[in-house]
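What you are looking at is a predicted structure, and each value in this text was computed from that prediction instead of being measured. For the single chain, residues carry numbers from 1 onward in sequence order.
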Amino acid sequence: MIGAFERMTQSILAVLGEDALFNGVVPCKINIEHDVQFAGIDHDAAQYRGDITVAKDVATISNTINPVLGQTFTMVTGGQRYKLDKYVDQNGYSKRFVVMKVA
């Protein structure tokens, strides 16, 4: 069953992800969501209460690559380089990180 979920994750990244080079050498597919809103307590309701919200870029990366904070990847199209800045969550087959652009 684990193999089925791993294949499903790879299939989703194959469709939604973009070509990238992880750590400059490992070819992979990474999905980047731009302007994801993060807020304080009660995330969804926080912005309506006037709490500070921030918009960040979030990358979803397969666990087969074993991504960890501080590592970088470069998008093949456009050549933008990103650094894994903050851990967001994981589902056992992929991890999500807040990423920041690196010059």
- Check whether any side-chain N or O of Asn31 sits under 3.5 Å from a backbone N or O of Leu16 as a donor-acceptor pair, and report yes or no.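 Yes; at least one donor-acceptor contact below 3.5 Å.
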- Determine which pairs satisfy salt bridge (charged side-chain N to carboxylate O under 4.0 Å, His left out) with at least one residue from residues 20-34, sequence neighbours left out, and list them in order.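 Sorted result for residues 20-34: Asp19-Lys29, Glu33-Arg96.
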- Message: Restricting to non-hydrogen atoms, name the atom on Phe97 and the atom on Tyr87 that form the minimum distance, rounded to 0.1 Å.
- Response: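 Taking every non-hydrogen atom into account, CD2-CA, 3.9 Å.
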Out of curiosity, does [Y] fall in the hydrophobic cluster containing [X] (side-chain heavy atoms, cut-off under 4.5 Å, transitive links)?
X	Y	value
Leu84	Val54	no
Val99	Val88	no
Val25	Val102	no

Name the atoms and distances for all side-chain donor-acceptor pairs under 3.5 Å in residues 56-83, with sequence neighbours left out.
from: Asp57; atom 1: OD1; to: His34; atom 2: ND1; distance (Å): 3.3
from: Asp57; atom 1: OD1; to: Asp35; atom 2: N; distance (Å): 3.3
from: Ser62; atom 1: OG; to: Gln10; atom 2: NE2; distance (Å): 2.7
from: Ser62; atom 1: OG; to: Thr64; atom 2: N; distance (Å): 3.2
from: Ser62; atom 1: OG; to: Thr64; atom 2: OG1; distance (Å): 2.8
from: Asn63; atom 1: ND2; to: Gly92; atom 2: O; distance (Å): 2.9
from: Gln71; atom 1: OE1; to: Val68; atom 2: N; distance (Å): 2.8

- Query: Taking only residues two or more places apart in sequence, or in another chain, which ones meet Glu18 in a salt bridge (Lys or Arg N to Asp or Glu O under 4.0 Å)?
  - Reply: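 Glu18: no salt bridge (Lys or Arg N to Asp or Glu O under 4.0 Å) contacts found.
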- Item | For Asn91, all residues meeting side-chain hydrogen bond (donor to acceptor under 3.5 Å, both in side chains), sequence neighbours excluded |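 side-chain hydrogen bond (donor to acceptor under 3.5 Å, both in side chains) list for Asn91, sorted by chain: Ser94.
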- Task: With the side chain counted from C-beta on, respond yes when Thr9 and Leu13 share a heavy-atom pair under 4.5 Å apart, and no when they do not.
- Result: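 Side-chain contact under 4.5 Å: yes.
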- Task: Please identify each residue that fulfils side-chain contact (heavy atoms from CB on, under 4.5 Å) with Val26, with sequence neighbours left out.
- Result: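 So Val26 forms a side-chain contact (heavy atoms from CB on, under 4.5 Å) with Phe22.
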